[in-house]
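Here the structure comes first, spelled out in structure tokens, and everything after it is commentary.
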There are 2 protein chains.
Amino acid sequence: MSDQKNGSDTRERILDVAERLFMENGYEATSMRTITSAAEANLAAVNYHFGSKEALLREVFRRRLAWLNHERLQALDKLEEQAAGAPLKPSQILEAFFGTLLRMGENPALGGMVFLRLLGRTLTEPAEFIRTFFAGEYAEVIDRYKLALFSALPDVPKAEIVWRLHFMLGAMSYAIAGTDVLQVVTGCEVGDLAGEKATDETDDTVLARRLAQRLMPFLLGGLRAPLPQFDDLQRIQKEPLPKTARDTRGNGPNQDPRPKTQDQQ
Amino acid sequence: MSDQKNGSDTRERILDVAERLFMENGYEATSMRTITSAAEANLAAVNYHFGSKEALLREVFRRRLAWLNHERLQALDKLEEQAAGAPLKPSQILEAFFGTLLRMGENPALGGMVFLRLLGRTLTEPAEFIRTFFAGEYAEVIDRYKLALFSALPDVPKAEIVWRLHFMLGAMSYAIAGTDVLQVVTGCEVGDLAGEKATDETDDTVLARRLAQRLMPFLLGGLRAPLPQFDDLQRIQKEPLPKTARDTRGNGPNQDPRPKTQDQQ
DNA sequence: CTAACATTAAAACGAACGTTTGAACGAAAT
DNA sequence: ATTTCGTTCAAACGTTCGTTTTAATGTTAG
């Protein structure tokens with residue numbers, strides 16, 4: 001009990017801190033020294049407990065995704081059991097898939113919005129080991145839900161469903177990851193929740209709930225949108241578009257005097 | 001003419017190479033030595049022409065976004081001129097905003113899919129200087145389109161429109177950025193274009209066109225989806241969710257024997 | 001008590017990073 | 001012919017990176 005306490009404590013502290021810092025700065029921009037000092041642990045602790053920085057990131061995700069994927073599969077199992085062979089409603093499938101995730105954002109014990117944001121941002125990271133890791137973690141869940149959508153929408157071509165699943169994942173990931181990115185651009189619309197000034201934690205919880213309420217109808221609307229007309233082989237070329245102009249700033253305006261002596265201050 | 005040729009040549013070569021490498025590896029994971037050697041330029045060339053690595057990234061985006069934003073504003077101007085004061089159709093607005101971008105993906109001279117992917121991935125990067133840069137570059141365009149959507153959808157609350165604009169941006173960015181990410185997970189559905197084996201460039205062009213055809217209906221469906229019912233103040237708490245269990249792997253299964261002596265091979 | 005073990009601690013490793021320097025080059029301009 | 005200036009070059013700058021090493025610590029079991 002107490003022999004584990006010391007070790008497990010440091011281990012969990014590192015995981016929690018790494019989760020937050022990876023979310024805030026990204027994987028590459030977060031150094032092990034930043035992590036260990038923020039976790040009040042020794043620099044060597046990460047390599048001792050996890051083996052490497054890459055393995056640390058994997059473990060940060062594994063402890064959350066294990067719960068998430070299990071919950072998602074269980075939700076789908078339950079739905080299919082209740083339906084007794086009949087195809088499910090798309091809204092049920094989306095609720096099981098996205099609702100489960102968004103409910104993580106409302107529960108700080110499961111990572112809360114910190115993990116949701118980290119997940120959304122990391123899904124687009126180009127690093128090879130991250131992609132292969134996610135591919136392995138997500139394979140089963142995606143496959144199950146893909147098949148469920150196939151039988152829920154028998155009239156929609158399967159390729160179209162895959163595309164739309166892709167779009168839905170994107171809308172969700174981006175909405176989560178960018179709650180402070182695009183909100184800045186669009187004019188700070190998060191804080192309009194009737195003057196609630198609470199902890200960051202409860203603030204995040206409220207945000208997660210609002211996000212879920214507004215995201216689900218959007219996704220359903222997109223999923224059930226009319227199919228595009230397929231004028232595939234006709235290759236419309238709306239305008240020839242001058243192939244010469246390499247970019248906009250050939251010699252036109254909009255050109256600030258950059259390379260005179262470069263802008264070192 | 002020739003005195004500029006040498007310098008401009010290196011400069012453009014660096015921009016092109018950096019655009020591709022930032023897309024493939026991300027900003028932090030791409031070193032200046034990788035960039036300059038791939039561009040067959042000297043290591044100091046980046047600091048000479050652009051001043052710093054950050055400024056290089058900004059310039060990579062500026063030369064594309066200048067064209068894109070100008071085109072987007074012009075498209076909206078044209079639409080509003082034709083409408084003569086009447087509100088626009090949402091489909092027109094989306095076509096002007098997203099169609100303009102997706103048409104960049106079909107034109108390699110404007111960056112093609114390389115730039116589109118880079119844009120999609122960089123929008124979620126957490127680095128401060130990137131966010132402030134994008135905020136400045138996008139502010140005017142987003143504002144104009146936001147207002148256009150407000151008058152196009154007078155019955156929809158403005159906050160809801162902003163959220164859905166956010167979702168649409170996410171679906172697009174993610175769909176673009178992850179054409180090879182999620183496609184791997186979902187089972188390699190890109191290559192199903194009737195056995196076309198062509199250059200990477202024309203392949204990308206075809207991909208951009210297919211993406212546009214399938215993305216636009218999805219976005220329109222999401223934008224026009226029925227509004228969510230607002231049961232905001234009731235705080236549904238579907239299940240208490242044990243606040244004790246910090247994470248899934250307290251002592252359950254799914255636990256691989258990690259910290260025995262760590263996994264250094 | 002002591003041997004074994006898991007964990008922490010401090011220090012150093014070599015490699016890679018972004019940036020700077022100062023000289024050299026080459027085509028204009030004087 | 002010489003100066004000028006934008007550009008390129010090789011080399012080095014100091015810093016930070018992830019990882020490893022070696023010793024010290026405290027707890028558990030025989």
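None of the values given here were measured: they were computed from a predicted structure. Sequence lines set the chain letters: A, B, ... in the order given, protein chains first and strands last, and positions in each chain run from 1.
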Using a 4.0 Å heavy-atom cut-off, does A:Ala44 contact any base of the nucleic acid, only the sugar-phosphate backbone, or nothing at all?
base

Which part of the nucleic acid, if any, lies within contact of B:Thr34, taking any heavy atom under 4.0 Å across all strands shown: a base, the sugar-phosphate backbone alone, or nothing?
nothing

Taking OP1 and OP2 of C:dC17, is either one under 4.0 Å from a side-chain nitrogen or oxygen of B:Ser31?
yes

Donor-acceptor pair, distance only, cut-off 3.5 Å: does the side chain of B:Asn69 make one with the backbone of B:Glu137?
yes

Nucleotide C:dA16, atom P - distance to CD of A:Glu28 in whole Å:
14 Å

May I have the distance from B:Lys53 (atom NZ) to C:dC17 (atom P), rounded to whole angstrom?
8 Å

Roughly, in whole Å, what's the span from CZ in B:Phe129 to C1' in C:dG18?
13 Å

Picking from C:dA12, C:dG18, D:dT20, which would you name as closest to the side chain of A:Asn47?
D:dT20

With each end axis built from five pairs of C1' atoms, what bend angle do you get for the helix from C:dC1-D:dG30 to C:dT30-D:dA1? Round to 10°.
10°

NZ/NE/NH1/NH2 to OD/OE distance under 4.0 Å, A:Arg13 and A:Asp9
yes

Where does the angle between the aromatic ring planes of A:Phe61 and A:Phe134 fall among parallel (under 30°), tilted (30 to 60°) and perpendicular (over 60°)?
perpendicular

Between atom CZ in B:Arg33 and atom P in C:dT19, what is the gap in whole Å?
11 Å

Side chain of B:His49 - closest among D:dA12, D:dT8, D:dG18
D:dT8

In whole angstrom, give the distance that lies between atom CG of B:Asp9 and atom P of D:dT8.
9 Å

Which nucleotide sits closest to the side chain of B:Asn42: D:dA10, D:dG18, C:dC17?
D:dA10

Output the rounded distance in Å from CZ (B:Phe50) to P (C:dT19).
13 Å

Options D:dG18, C:dA6, D:dC9, nucleotide nearest the side-chain atoms of A:Tyr48
C:dA6

How long is the gap from CE on A:Met168 to CG on A:Leu165, to the nearest 0.5 Å?
5.0 Å

Look at B:Thr10 and D:dT8 and indicate whether a side-chain polar atom (N or O) is within less than 4.0 Å of OP1 or OP2.
yes

Can you tell me how far the CE atom of A:Met113 sits from the CG atom of A:Asn107, to the nearest 0.5 Å?
13.0 Å

Is B:Arg63 salt-bridged to B:Glu59, cutoff N-O under 4.0 Å?
no

Quick one: B:Ile14 CD1 to D:dT8 C1', roughly how many Å, whole number?
11 Å

How long is the line joining CE of B:Met32 and P of C:dT19, in whole Å?
6 Å

Check this for me: does any side-chain nitrogen of one of A:Arg20 and A:Glu24 sit under 4.0 Å from a carboxylate oxygen of the other?
yes

